[in-house]
Amino acid sequence: AMLFFQLLGMGLAVLAVLLPTPQLAFSNLKQVGASAALEVADIMSAITEYQMGSDRSIRIQRLSARMARMKTLIEKMGGLSDEAWWEGFDLGCLGPHRTSASRLSVSWQRLEKKFRVLEICSMKEEFSALHTSTMKPMEDVLKDFCADTANLIFAIMIHVVDLKHSMVDGREDLEELAERVTRAQKNMAEKWTMARRENTEAGLGLQKDLRTENFFICTLSRIGSELVNFARSETEPMGFS
């Protein structure tokens, strides 16, 4: 009998080592998610500010290094969301939150690829006189878009990882902020169309001379759409239990 209990104890000890650490999964997910959200929002603002500049600088190389860290954090979110299953076996409100965290990791992996497009655009940018004259009128619109998008990023993260956050309030926040980003996208598109037309009509350059800038603006809008689509999917009834 003593040998049986000794073997049982050893087996449980081995099992405890092999299994993920459930008591830390959601806690780590919250910390990593918060760090990822800060990086996503700050990098988007920083690279947009760089694109609105008038000359090249080493800031883009620094942003490249931060993007690598952002990618690592997003990938870690996916792993932690899998480990979090052991924390509550998806019972009660834990299941929807863990599922949302897993879905968010997948969504932000797509987001990370779009950030790489922004990086390529900025690294190829020549900052010509046409670039400066076209991007200058976009400054306020782009800042507003980045601010609205950052607010949505943080609201999404709170909704996903904060188990104490009111689901009703969270749903209303996401709906309102998603709508603000949608309006900011529309304003950005309208302002960009106007800025390009005014400069080409003034003889400062051709539409094709703004291809890099156009791709940058379009990618920013796609980032907004990715976040809006995720937020709105979380406001559906199945996203709340």
Side-chain angles (χ1 to χ4, degrees), residues 30 32-54 57 59-60 62-64 66-67 69-71 73-74 77 100 104 107-108 110-119 121-122 125 131-132 134-162 165-166 169-196 212-235:
K30 183 181 294 188
V32 172
S35 297
L38 287 170
E39 286 289 354
V40 170
D42 195 45
I43 289 174
M44 185 175 67
S45 177
I47 200 167
T48 301
E49 182 181 353
Y50 177 85
Q51 185 70 9
M52 289 188 294
S54 57
S57 75
R59 285 188 298 163
I60 190 62
R62 294 172 181 167
L63 285 171
S64 296
R66 291 184 61 186
M67 285 186 188
R69 179 175 182 269
M70 178 184 71
K71 181 179 181 180
L73 289 170
I74 292 171
M77 281 173 57
S100 292
L104 182 62
S107 175
W108 282 14
R110 293 193 295 268
L111 210 65
E112 187 270 336
K113 291 180 173 62
K114 294 177 176 65
F115 272 76
R116 290 298 176 184
V117 175
L118 297 182
E119 177 189 18
C121 290
S122 293
E125 185 56 61
H131 165 88
T132 303
T134 309
M135 294 300 292
K136 185 63 177 178
M138 296 291 299
E139 186 172 344
D140 290 339
V141 173
L142 289 175
K143 285 182 178 179
D144 289 343
F145 174 80
C146 288
D148 289 335
T149 304
N151 288 332
L152 181 57
I153 289 169
F154 298 141
I156 287 173
M157 186 52 59
I158 291 172
H159 162 73
V160 168
V161 302
D162 190 350
H165 186 62
S166 167
D169 291 343
R171 178 167 53 186
E172 292 175 351
D173 289 346
L174 289 180
E175 288 174 345
E176 179 182 349
L177 293 172
E179 182 59 32
R180 288 181 62 178
V181 171
T182 300
R183 289 197 299 268
Q185 284 178 291
K186 183 179 179 181
N187 292 338
M188 181 170 63
E190 291 175 350
K191 189 71 173 180
W192 177 239
T193 300
M194 185 184 303
R196 285 186 303 164
T212 302
E213 293 85 351
N214 190 60
F215 206 33
F216 186 94
I217 297 294
C218 289
T219 303
L220 271 184
S221 185
R222 292 189 184 105
I223 288 173
S225 295
E226 181 72 38
L227 293 165
V228 167
N229 290 339
F230 181 87
R232 286 178 173 160
S233 72
E234 287 294 300
T235 65

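Counting only residues at least two apart or on different chains, the salt bridge (charged side-chain N to carboxylate O under 4.0 Å, His left out) pairs with a member in residues 146-157 are D148-R180.
Considering only residues two or more places apart in sequence or on other chains, R69 meets the salt bridge (Lys or Arg N to Asp or Glu O under 4.0 Å) condition with E39. With sequence neighbours excluded, no residue forms a ring pair (Phe, Tyr, Trp, His ring centres under 6.0 Å) with F154. Scored by the side-chain contact (heavy atoms from CB on, under 4.5 Å) test, N214 finds W192, R196, C218 as partners (sequence neighbours excluded). With sequence neighbours excluded, no residue forms a side chain to side chain donor-acceptor pair (under 3.5 Å) with S45. Shown here are the salt bridge (Lys or Arg N to Asp or Glu O under 4.0 Å) partners of E176, two or more places apart in sequence or in another chain: there are none. Residues passing the side-chain contact (heavy atoms from CB on, under 4.5 Å) test with E226 are S107, R110, L111, K114, sequence neighbours excluded. Remark: D144 engages no residue in a salt bridge (Lys or Arg N to Asp or Glu O under 4.0 Å) (not counting sequence neighbours). Judged as a side-chain contact (heavy atoms from CB on, under 4.5 Å), and not counting sequence neighbours, the contacts of K143 are M52, E139. Evaluation of the salt bridge (Lys or Arg N to Asp or Glu O under 4.0 Å) rule for E112 yields R116 as partners, not counting sequence neighbours. With sequence neighbours excluded, the residues satisfying side-chain contact (heavy atoms from CB on, under 4.5 Å) with T182 are Q185, V228, R232. S54 pairs by the side chain to side chain donor-acceptor pair (under 3.5 Å) definition with nothing, not counting sequence neighbours.
Taking all atoms of both residues into account, the shortest heavy-atom contact from L152 to A231 is CD1-CB, 3.9 Å.
A donor-acceptor pair is defined here as one N or O able to donate and one able to accept, closer than 3.5 Å; no such pair exists between the side chain of H131 and the backbone of T212.
Between E234 and S100, the side chains place a donor N or O and an acceptor N or O closer than 3.5 Å (distance only, hydrogens not considered).
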